Amino acid sequence: MLKVGILTSGGDCQALNATMRGVAKTLYNKVDDVEIYGFIDGYKGMIYGNYKLLKPKSFSGILTVGGTILGTSRTPFKDLDKPTPEGIDKVKAMKETYKKLGLDALVVLGGNGSLKTANRLSEEGLNVVGCPKTIDNDVWGTDMTFGFHSSVEIATEAIDCIHTTAASHSRVFIVEVMGHKVGWITLYAGIAGGADVILLPEIPYDIKKVCKAIENRKMAGKKFTILAVAEGAISKEDAKLKKKEYKAKVASREYPSVAYEIADQIVKETGVEARVTVPGHTQRGGQPCAYDRVLSTRLGAAAAEHIISKDFGKMVSLKGTEIVDIPLAEIAGKLKYVDPESDIVKQAKLTGISFGD
Ligand code: F6P
């Protein structure tokens, strides 16, 4: 009998269920006797011993369903060695649950923080396989995370919808896209939606250059300008601040978010009316797109293969068109940023998109 535990951890995304289905279908297909246990709400389920035995039918009809059938929560890595409010030692409790259930392996669907914890559990002796989840696409060691393309579709649709109203009213529109630390969704949705200005955390902006781009469009007879702005977009002067100082500045900001601050600065500088749209968590919701369904199915199948061949301590990942693997220890604690010198940024600039730099 093969016993496998599975959990989804951190912010959700569209193709979590599709990935779990890929894991389960492969295990049921390739192993005669297998039991899959789902932990409720991520690592919390392991800590508090909250799980359920899943059946083949649990994985039926979920390929196209967003969210996670197991629920999720955040268990920050930095607090892993702090006890729970009830005084439970988290790592010890997770090891005990794993042992008590007699698991042969644990599959973790998670982003950066969750995979760091997965690596810790692997170091503690558990047989762990990781799958790269997040709309942000910032997991080191994989070309793509599942969830990313689905969220790009939603953010792009938001920009598409803004286009007609922006043109009717001769306004500047800012669409604030998810991504506090990295700007992958903003970059892709900005290009796909035809944004005129794209502001990313990785490329600090100069508000004067942003306003210049707006003025240039006005002079060229364009009635509107659309900005795709990442949640974590940062000005050149703020980028010079120490991390702590910047955090304090953000905390004391009189605006709900950076997009509103930029909008205000644009109005003051150019006199053009500006509006902000925040699609927010819609970017994590709804059905996975076809690309993500395929990627998730492949990653899930590959994760199951790792369990069958007892090849643990790895994350399955996409490299080019192939599914490969990478040690969890190699990716733990690293983020995959947009390279300001990358081809995609260069080509976007070639078409006239301003990055405000
Ligand atoms: O996990 C990715 C992410 O979607 C970020 O892009 C976003 O800023 C953040 O999570 C918001 O998450 P929550 O509101 O769930 O804390």
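Predicted model, so just to flag it, every value in this text is computed and none were measured. First listed ligand is number 1; within each ligand, the first listed atom is number 1.
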| task | Sorted by first residue and then second, give each ring-ring contact (aromatic ring centres under 6.0 Å, His included) pair with at least one member in residues 84-123; sequence neighbours left out. | result |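 For residues 84-123, and leaving out neighbouring residues, there are no ring-ring contact (aromatic ring centres under 6.0 Å, His included) pairs at all.
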| query | In chain order, what residues pass the side-chain hydrogen bond (donor to acceptor under 3.5 Å, both in side chains) check against Ser151, with sequence neighbours excluded? | reply | none
| field | Fellow cluster residues of Leu227, listed by chain then number, with links counted only when side-chain atoms sit under 4.5 Å apart | value |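 Members other than Leu227 - counting any ILVMFWY side chain reachable under 4.5 Å - are Val172, Ile174, Val197, Leu199, Tyr205, Ile207, Val210, Ile214, Val229, Tyr255, Val258, Tyr260, Ile262, Ile266, Val272, Val276, Val278.
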Identify all pairs of nitrogen or oxygen atoms, one from ligand 1 and one from the protein, separated by less than 3.5 Å, and list them with distances.
from: ligand 1; atom 1: 4 (O); to: Arg284; atom 2: NH1; distance (Å): 3.2
from: ligand 1; atom 1: 6 (O); to: Asp136; atom 2: OD1; distance (Å): 2.7
from: ligand 1; atom 1: 6 (O); to: Asp136; atom 2: OD2; distance (Å): 3.2
from: ligand 1; atom 1: 6 (O); to: Gly179; atom 2: N; distance (Å): 3.3
from: ligand 1; atom 1: 8 (O); to: His180; atom 2: NE2; distance (Å): 3.3
from: ligand 1; atom 1: 8 (O); to: Glu231; atom 2: OE1; distance (Å): 2.7
from: ligand 1; atom 1: 10 (O); to: Arg74; atom 2: NH2; distance (Å): 3.4
from: ligand 1; atom 1: 10 (O); to: Arg284; atom 2: NH1; distance (Å): 3.0
from: ligand 1; atom 1: 12 (O); to: Arg74; atom 2: NH2; distance (Å): 3.0
from: ligand 1; atom 1: 12 (O); to: Arg284; atom 2: NH1; distance (Å): 3.0
from: ligand 1; atom 1: 14 (O); to: His281; atom 2: NE2; distance (Å): 2.7
from: ligand 1; atom 1: 15 (O); to: Arg74; atom 2: NH2; distance (Å): 3.2
from: ligand 1; atom 1: 15 (O); to: Arg284; atom 2: NH1; distance (Å): 3.2
from: ligand 1; atom 1: 15 (O); to: Arg284; atom 2: NH2; distance (Å): 3.0
from: ligand 1; atom 1: 16 (O); to: Arg74; atom 2: NH2; distance (Å): 3.3

| task | Would you mind telling me which of Thr8, Val108, Thr97 makes a side chain to side chain contact (heavy atoms under 4.5 Å, CB included) with Phe39? | result |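 Testing each of Thr8, Val108, Thr97 against Phe39, the sole residue satisfying side chain to side chain contact (heavy atoms under 4.5 Å, CB included) is Thr97.
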| field | Candidate list Ser114, Pro132, Cys131, test side chain to side chain contact (heavy atoms under 4.5 Å, CB included), partner Val139, passing option | value |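 That would be Pro132.
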| said: Taking Asp357 first and then Lys349, would you say they form a salt bridge - that is, a charged N and a carboxylate O separated by under 4.0 Å? | reply: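 Answer for the salt bridge query: yes.
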